[in-house]
Amino acid sequence: MSETGIGVAIKRVEDLRFLTGNGHYTDDINQPDQSHAWILRSPHAHAKLNAVDTTKAESAPGVIAIFTGVDMAADGVGGLPCGWQIHNKDGSPMAEPGHPPLAVDKVRHVGDQIAIVIAETRDQARDAAELISVDYGILDAAINMDAALAGTTLVHDDVPNNRCFDWEIGDKDATDAAFGNADHVVSIDLANNRLIPNAMEPRAAISEFDRTTGRYTLYTTTQNPHVIRLLMGAFVLNIPEHKLRIVAPDVGGGFGSKIFHYAEEAILTWAAAKVHRPIKWTAERSESFVTDAHGRDHETHAELALDKDGKFLGLRRRDQGQCGALTSQPSARASRPISTRHFWRVCTRHRRFMPKCRPYSPTLSRWDAYRGAGRPECTYLLERLVSKAARDLGFDPVELRQKEHDSGRPVPLSDTGRAPVRLWGFPGDIRKRPKGIRL
């Protein structure tokens with residue numbers, strides 16, 4: 001094999017600049033005549049926005065402009081799309097309510113965006129934001145999944161019982177038959193806690209608008225600039241793709257949490273055309289904790305059917321998890337791998353059936369795929385379940401696993417029965433997407 005053949009290790013070239021402090025992160029960028037933004041956020045988990053008075057803040061020192069959700073709505077700005085949509089087990093599409101970049105009628109989680117203040121300096125923008133008067137009509141908040149699914153407190157008025165979707169995969173009849181013929185059935189209940197990503201560099205963005213060409217440029221801490229350009233241009237701001245440039249410098253860590261299109265990116269890009277100046281925003285660490293996409297957070301009941309010799313016959317899993325108050329880009333799709341698709345890949349030899357429900361819940365920020373997107377959760381569940389089976393039934397834990405390993409070839413993934421998926425907001429086959437949209 002030559003020195004450039006397939007499989008040859010590639011030397012790292014970026015270490016020197018990082019180790020010597022010469023990385024080029026989004027917050028390192030500064031543009032001529034740059035202004036600064038501060039986002040006013042909700043301190044409440046669930047509340048109506050009866051009124052937002054910016055009069056006093058507009059006259060504060062250094063303030064250039066203040067915009068609210070009403071301003072963006074009046075400009076025809078769309079909501080952030082889910083991007084990947086799935087269908088319920090009855091064939092109906094999942095519930096996908098609106099996700100405005102700035103809240104209009106009510107706030108749905110702590111940290112929800114209410115207004116953007118643009119000023120000469122960051123401190124002036126923050127001081128002015130404190131002068132904005134917001135009349136909140138505080139509402140009850142569901143603090144767990146059972147309370148959310150009870151539907152007594154609706155996050156979105158058009159989503160009954162706060163249920164985003166109720167989906168399943170597998171051969172239920174064959175799985176039930178396998179359990180009916182089993183000599184042993186072992187069950188386990190697990191809670192996989194919600195987690196908050198904590199990147200080295202918090203999310204940041206700088207937006208520019210060129211009046212002579214009508215072109216927008218956004219520098220942002222993203223792992224996927226192409227998706228940001230597609231979603232923000234086509235669905236949120238209605239900007240032709242060739243008029244929108246997304247630049248991703250050194251990302252500063254993310255592990256998936258920076259792969260999504262965030263509201264701040266759309267807000268800053270839209271606002272730059274209003275004030276005709278570059279705008280810079282960098283999140284504070286506490287701000288990131290309540291606005292970055294969270295991960296995990298689901299409760300699982302699983303059952304394993306075995307014969308008298310310890311051979312695995314079938315697996316059933318029932319899972320429900322929070323998706324937060326608002327959908328994220330691949331969040332619905334991501335919940336499928338977490339409890340189904342990647343689980344399917346890990347455990348493919350025996351019959352299995354997996355229903356899945358994910359509710360909206362006030363008090364919680366958006367939820368999405370993070371750090372492995374299902375593989376760690378599925379491996380954790382399988383290992384715990386098999387260990388419990390070995391302990392309860394008196395098998396050697398290593399031998400029990402070896403039995404399954406030697407039991408036969410996996411079922412091809414094409415036999416797993418995929419559910420219909422809408423990719424990036426386009427119905428049907430992605431090849432039928434509108435002309436001019438490239439992935």
Side-chain angles (χ1 to χ4, degrees), residues 86-92 145-146 149 163 165-192 296 298-321 333 335-359 372-421:
I86 68 171
H87 289 71
N88 295 299
K89 56 188 177 184
D90 63 2
S92 61
M145 280 177 275
D146 290 335
L149 288 171
R163 181 172 286 125
F165 62 85
D166 188 359
W167 186 76
E168 62 187 29
I169 190 173
D171 189 332
K172 185 178 185 303
D173 293 337
T175 303
D176 290 344
F179 273 80
N181 296 324
D183 294 291
H184 307 287
V185 174
V186 177
S187 63
I188 193 170
D189 291 283
L190 294 175
N192 206 305
R296 314 294 192 244
H298 54 276
E299 298 171 356
T300 302
H301 174 79
E303 299 174 317
L304 179 64
L306 308 91
D307 67 10
K308 62 182 185 341
D309 297 320
K311 178 182 177 182
F312 297 175
L313 302 177
L315 175 69
R316 287 192 294 224
R317 178 181 181 180
R318 184 177 65 252
D319 192 282
Q320 67 179 23
R333 169 75 171 175
S335 64
R336 291 178 62 225
I338 283 180
S339 61
T340 51
R341 292 297 301 162
H342 292 328
F343 191 94
W344 216 267
R345 290 183 170 94
V346 173
C347 194
T348 57
R349 291 192 178 92
H350 43 269
R351 303 290 184 182
R352 55 267 187 234
F353 177 73
M354 305 173 202
K356 167 73 177 176
C357 176
R358 185 167 288 277
R375 289 87 163 179
E377 298 93 327
C378 298
T379 302
Y380 175 64
L381 172 61
L382 283 174
E383 295 296 337
R384 287 287 306 275
L385 187 58
V386 174
S387 293
K388 188 173 187 294
R391 183 172 60 251
D392 292 355
L393 305 179
F395 290 104
D396 179 274
V398 176
E399 291 181 359
L400 184 60
R401 287 171 168 83
Q402 190 65 41
K403 286 177 183 288
E404 174 61 13
H405 181 270
D406 297 338
S407 64
R409 294 170 56 191
V411 177
L413 290 178
S414 59
D415 294 342
T416 58
R418 294 184 179 184
V421 176

Quiz prompt | Candidate pair Leu306 and Leu400, rule side-chain contact (heavy atoms from CB on, under 4.5 Å), full reasoning | solution = CA-CA 10 Å; Leu306 308 91; Leu400 184 60; 4.1 Å; yes

Exercise. Take Leu381 and Leu190, measure what side-chain contact (heavy atoms from CB on, under 4.5 Å) needs, and give me the verdict at the end.
Key: CA-CA 8 Å; Leu381 172 61; Leu190 294 175; 3.3 Å; yes

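A donor-acceptor contact shorter than 3.5 Å is absent between the side chain of Asn88 and the backbone of Gly91. Looking only at distances, a side-chain donor or acceptor of Asp396 sits under 3.5 Å from a matching main-chain atom of Val398.
The pair Arg401-Glu383 meets the salt-bridge criterion, since a charged nitrogen lies less than 4.0 angstrom from a carboxylate oxygen. Salt bridge Asp319/Arg317: present, at least one basic N to carboxylate O contact under 4.0 Å.
A distance of 8.5 Å separates CG of Leu382 from CZ of Phe312, quoted to the nearest 0.5 Å. The CG atom of Asp309 sits 12.0 Å away from the CG atom of Leu393 when rounded to the nearest 0.5 Å. Note that CZ of Arg316 is 4.5 Å distant from CD of Glu303, once rounded to the nearest 0.5 Å.
Residues Thr300 and Asn192 form no side-chain contact, since every pair of their non-hydrogen atoms from C-beta on lies 4.5 Å or further apart.
For the residue pair Asp166 and Arg163, the shortest heavy atom distance occurs at CB-CD, 3.8 Å. Of all heavy-atom pairs spanning Asp90 and Ser92, the tightest one is OD1-OG, 2.6 Å.
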Expected list for residues 179-188: side-chain donor-acceptor pairs under 3.5 angstrom, two or more places apart:
residue	atom	partner	partner atom	Å
Asn181	ND2	Ala177	O	3.2
Asp183	OD2	Lys308	N	2.8

